[in-house]
Peer 1: 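Attaching a single structure in structure tokens format; questions to follow.
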Amino acid sequence: QVQLVESGGGLAQAGGSLSVSCQVSGTLITDKTVGWYRQAPGKERELVAGITSFGRTNYADSVNGRFTISRDYNKNTVYLQMNSLKPEDTAVYYCNVQKTTGGDYWGRGTQVTVSS
């Protein structure tokens, strides 16, 4: 059974930093594209950052230059470092792993709240 368990997040002031991590079990991330999405109240879920198995990264324009996605194959874990946080970064952050056969695995999400 595949499980994605997010941790980290919490509360930060504007301009501060937070990090979230996603421990993946039941499947290896070595050959998969992984990413972070977020969903703010009343808004659709959106891609924040992704990284392919080849190491190619992509970021939403709104976080480019402030957030960094990384992964540790030894720990089978995906990370998102968030710097220079803004109140508009407040959302539930979800970990995503793309199946090689199509479809996705999702975590349950972790709350990130940025106060002004």
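As the structure is a computational prediction, the values presented were derived from the model and not from experiment. Any value given below was found using the heavy atoms of this structure, including those in side chains, with hydrogens, waters and symmetry copies removed.
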Peer 1: Taking disulfide (SG to SG under 2.5 Å) as the cut-off, I'd like each qualifying pair that reaches into residues 46-90, sequence neighbours left out, listed once.
Peer 2: none
Peer 1: Is it the case that atom CD in E46 sees more than 12 heavy atoms from other parts of the structure closer than 6.0 Å?
Peer 2: yes
Peer 1: Enter the distance from Y105:OH to I29:CD1 here, rounded to the nearest 0.5 Å.
Peer 2: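 If we round to the nearest 0.5 Å, Y105:OH and I29:CD1 are 13.5 Å apart.
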Peer 1: Can you pull the ring pair (Phe, Tyr, Trp, His ring centres under 6.0 Å) pairs that have at least one residue in residues 8-36, sequence neighbours excluded?
Peer 2: none
Peer 1: Are the side chains of T90 and V112 in contact, using a 4.5 Å heavy-atom criterion?
Peer 2: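 Contact flag for V112/T90 side chains = no.
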Peer 1: Test of understanding: with side chain to side chain donor-acceptor pair (under 3.5 Å), list the residues that count as partners of S21, not counting sequence neighbours.
Peer 2: S7
Peer 1: What residues form a ring pair (Phe, Tyr, Trp, His ring centres under 6.0 Å) with Y37, not counting sequence neighbours?
Peer 2: W106
Peer 1: How many angstroms lie between atom CD of Q1 and atom OG1 of T27, to the nearest 0.5 angstrom?
Peer 2: 12.5 Å
Peer 1: Determine the minimum heavy-atom distance between N74 and D72, stating which atoms define it.
Peer 2: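 Shortest heavy-atom contact: N-OD1, 2.9 Å.
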Peer 1: Would you say NZ of K75 has more than 12 non-hydrogen atoms from neighbouring residues, nucleotides or ligands within 6.0 angstrom?
Peer 2: no
Peer 1: Looking at residues at least two apart in the chain, or sitting in another chain, which of them share a side chain to side chain donor-acceptor pair (under 3.5 Å) with Q111?
Peer 2: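 Side chain to side chain donor-acceptor pair (under 3.5 Å) list for Q111, sorted by chain: T113.
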Peer 1: Check residues 80-87 and write down every donor-acceptor pair under 3.5 Å in which the side-chain atom is one partner and the other belongs to a residue at least two apart or another chain.
Peer 2:
unit_1	atom_1	unit_2	atom_2	d
Q81	NE2	N83	OD1	2.9
N83	OD1	S17	OG	2.9

Peer 1: Is the shortest heavy-atom distance from the side chain of R45 to the side chain of Y94 under 4.5 Å?
Peer 2: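 Yes, side chains in contact.
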Peer 1: Taking side chain to side chain donor-acceptor pair (under 3.5 Å) as the definition, give me every residue that meets it alongside S53, ordered by chain and number, with sequence neighbours left out.
Peer 2: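 None.
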Peer 1: Say whether, by atom type as modelled, one donor and one acceptor occur between the side chain of Q98 and the main chain of K32 under 3.5 angstrom.
Peer 2: no
Peer 1: For the residue pair Q13 / S115, report whether a side-chain donor-acceptor contact shorter than 3.5 Å exists.
Peer 2: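 No, Q13 and S115 have no side-chain donor paired with an acceptor closer than 3.5 Å.
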Peer 1: Please collect all disulfide (SG to SG under 2.5 Å) contacts where either partner lies in residues 75-116, sequence neighbours excluded, each pair once.
Peer 2: C22-C95
Peer 1: With sequence neighbours excluded, what pairs up with Q3 under the side chain to side chain donor-acceptor pair (under 3.5 Å) test?
Peer 2: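 So Q3 forms no side chain to side chain donor-acceptor pair (under 3.5 Å) with any residue.
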Peer 1: Would you say the side chain of Y79 lies within less than 4.5 Å of the side chain of R71, judging by non-hydrogen atoms?
Peer 2: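 The answer is no; the side chains never approach within 4.5 Å.
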Peer 1: May I ask you to decide if K99's main-chain N or O and D104's side chain share a donor-acceptor pair within less than 3.5 Å?
Peer 2: no
Peer 1: Show which residues join L28 in its hydrophobic cluster (side-chain heavy-atom contacts under 4.5 Å, direct or indirect), or state none.
Peer 2: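 Once heavy-atom contacts under 4.5 Å are chained together, L28 still belongs with nothing else.
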Peer 1: Once ring pair (Phe, Tyr, Trp, His ring centres under 6.0 Å) is applied, what residue pairs with a partner in residues 5-24 remain, sequence neighbours excluded?
Peer 2: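 For residues 5-24: none.
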Peer 1: Should T110 and V92 count as side-chain neighbours, where that means a heavy-atom distance under 4.5 Å?
Peer 2: no
Peer 1: Mind checking the CG-OG1 spacing from D31 to T52? Nearest 0.5 Å is all I need.
Peer 2: 11.5 Å
Peer 1: Extract all donor-acceptor atom pairs below 3.5 Å that involve side chains of residues 54-62 and protein atoms in other chains or at least two apart in sequence.
Peer 2:
unit_1	atom_1	unit_2	atom_2	d
Y59	OH	I69	N	3.0
S62	OG	R38	NH2	3.3

Peer 1: What verdict does the side-chain contact (heavy atoms from CB on, under 4.5 Å) test give for V24 and T77, after you've listed the backbone C-alpha separation in whole Å, the side-chain angles of each residue and the deciding distance to 0.1 Å?
Peer 2: CA-CA 6 Å; V24 181; T77 299; over 6 Å; no
Peer 1: Are any side-chain N or O atoms of N96 and backbone N or O atoms of G35, one a donor and one an acceptor, separated by less than 3.5 Å?
Peer 2: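 The answer is no, because no donor-acceptor pair under 3.5 Å joins these two groups.
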